[in-house]
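Numbered from 1 within each chain, the chains take letters A, B, ... in sequence-line order.
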Protein chains: 2
Amino acid sequence: MNDTVPWLSAEEQRSWRSLVRLHQKLFSSLTADLQARSGLSGADFEVLVALTDVPEGRLRFQDLAKEIEWEQSRLSHQIRRMTKRELVAREECAEDGRGAFVVITGRGREVIEAAAAKHVVTVRRLVVDALTPDEFAELGRLSAKLGDHITGSR
Amino acid sequence: MNDTVPWLSAEEQRSWRSLVRLHQKLFSSLTADLQARSGLSGADFEVLVALTDVPEGRLRFQDLAKEIEWEQSRLSHQIRRMTKRELVAREECAEDGRGAFVVITGRGREVIEAAAAKHVVTVRRLVVDALTPDEFAELGRLSAKLGDHITGSR
DNA sequence: TCCTACTAGTTGACACGTCAACTATCCACG
DNA sequence: CGTGGATAGTTGACGTGTCAACTAGTAGGA
């Protein structure tokens, strides 16, 4: 495309395209599956998992945002939508008048528990079972290395 | 979460989470970089690349959609928005009154050429340089294997 | 010819994510 | 105190993506 730019070699290009294609297919399949089986978006799932991971299913906006590495405003929009569907609720924060808690509701718990059980089956079928245990471990190792590099070079 | 479900082992879980985390960081970094340097979304980029890959930079909606594996309606919305920004234009199709072409404009060509040059630098910095050549090749191989499995088991 | 089924593409409603601007509260320092 | 700057969270605008319903043109018979 331009000779002054160090373009990728044919082999690098193939690897890169495989990685991009994998991520597109994998995450579109996963979110479609989640939506179809449980009526949850990937965003809903992440929020609910983070809340069930914590005693009382209750977190400050701040802490929840940090936990799942989201921007405040994204979380605020998402919680508004999830509140309407009664998956979570808001609570005021006595210690800090600016702050607020997000709490998972009973319905939220039911939904996420059923969804997680189905989700893990799909992950196993689509991902874990596709590779040998050694290959999967190696993919994990390379992903971690690459992920750390990207985080570091931002 | 539920004993009747074959949950992932601790090691599988670690690998799986690394892969998810990689996906999130990689694509958010890439699209942010593309947006900041070239004013293009990932969607814009994909469309423009597909058009430059073809003589005359002209494709039927159908063929373009197939090329980049998008739904018709997604493409239709995207082309409407890109037309407004004069990156592409529509042309009627003489052979088939229902059909239409998408053509890249001169401005579209300028933009994508500049963007691609910058993009490849980022891909190299963020991805290729993070791993040894052997590791990168192995990641490509595993990605291809997994991607094929997912495509097959849909 | 005309009817029907199919195909190409569009549209509207709604969920999602980002950015920038905004409100309300807290807190540290004079 | 009280005031200015930082912090917590919200909001609106806009680009994006999906789904389902729609329009318009094509094609293959009876």
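Taking the six-membered ring where tryptophan is involved, the planes of A/Phe27 and B/His23 are essentially parallel, since the angle between them stays under 30° and well short of 60°.
Rounding to whole angstrom units, CZ of residue B/Phe101 and C1' of C/dG9 are separated by 14 Å. Between A/Leu87 atom CG and C/dC16 atom C1' there is a gap of 15 Å when expressed in whole angstrom units. Atom pair A/Leu75:CG and D/dA8:C1' shows a separation of 12 Å (rounding to whole Å applied). In this structure, B/Lys84 places its NZ atom 10 Å from P of D/dC14, rounding to the nearest Å. In this structure, A/Gln72 places its CD atom 13 Å from C1' of D/dA6, rounding to the nearest Å. Remark: C1' of C/dT11 and CZ of B/Phe61 are 13 Å apart, rounded to the nearest angstrom. B/Phe27 has its CZ atom 18 Å from the P atom of D/dT16, to the nearest Å. One can place CD1 of A/Ile68 at 13 Å from P of C/dC16, the figure rounded to the nearest angstrom.
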Hey, mind stepping through A/Trp16 and B/Val123 against side-chain contact (heavy atoms from CB on, under 4.5 Å) and telling me if it holds?
CA-CA 9 Å; A/Trp16 171 237; B/Val123 170; 3.7 Å; yes

Candidate pair B/Arg85 and B/Asp44, rule salt bridge (Lys or Arg N to Asp or Glu O under 4.0 Å), full reasoning
CA-CA 11 Å; B/Arg85 292 156 60 211; B/Asp44 298 332; 3.1 Å; yes

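Heavy-atom minimum distance, A/Asp63 versus A/Leu59: CB-CD2, 4.1 Å.
B/Ser29 pairs with exactly one of B/Leu126, B/Val127, B/Thr122, B/Leu34 by the side-chain contact (heavy atoms from CB on, under 4.5 Å) rule, that one being B/Leu126.
Nucleic acid contact class of B/Arg90 (heavy atoms, under 4.0 Å, all strands): sugar-phosphate only. If you check every strand for non-hydrogen atoms under 4.0 Å, A/Gln62 touches sugar and phosphate atoms only.
Residues A/Thr151 and A/Asp148 bring no donor and acceptor atom of their side chains to less than 3.5 Å of each other. Side-chain N/O atoms of B/Arg21 and B/Gln24 include no donor and acceptor closer than 3.5 Å.
The CD atom of B/Glu138 lies 4.5 Å from the CZ atom of B/Arg141; values are rounded to the nearest 0.5 Å.
Between D/dG12 and A/Arg80, no contact under 4.0 Å exists linking OP1 or OP2 to a side-chain N or O. Listed pair B/Ser41 / D/dG15 fails the phosphate criterion, with no side-chain N or O lying under 4.0 Å from OP1 or OP2. OP1 or OP2 of C/dG9 lies within a sub-4.0 Å distance of a side-chain N or O belonging to B/Arg60.
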Between protein and nucleotides 23-26 of chain D, what N or O pairs are separated by less than 3.5 Å?
{"residue": "D/dG25", "atom": "N2", "partner": "B/Arg98", "partner atom": "NH1", "Å": "2.9"}
{"residue": "D/dT26", "atom": "OP1", "partner": "B/Gly97", "partner atom": "N", "Å": "3.0"}

Pull out every protein N or O sitting under 3.5 Å from an N or O of nucleotides 17-21 of chain D, one pair per line with the distance.
{"residue": "D/dG17", "atom": "OP1", "partner": "B/Arg74", "partner atom": "NH2", "Å": "3.0"}
{"residue": "D/dT18", "atom": "O4", "partner": "B/His77", "partner atom": "NE2", "Å": "3.2"}
{"residue": "D/dC19", "atom": "OP2", "partner": "B/Glu71", "partner atom": "OE2", "Å": "3.3"}
{"residue": "D/dC19", "atom": "N4", "partner": "B/Ser73", "partner atom": "OG", "Å": "2.7"}

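Comparing B/Asp63 and A/Asp44 by the nucleotide of DNA chain C whose heavy atom lies nearest to each, the residue mapping closer to the 5' end is B/Asp63.
In this structure, the side chain of A/Thr31 does not engage the main chain of A/Gly42 through any donor-acceptor pair within 3.5 Å.
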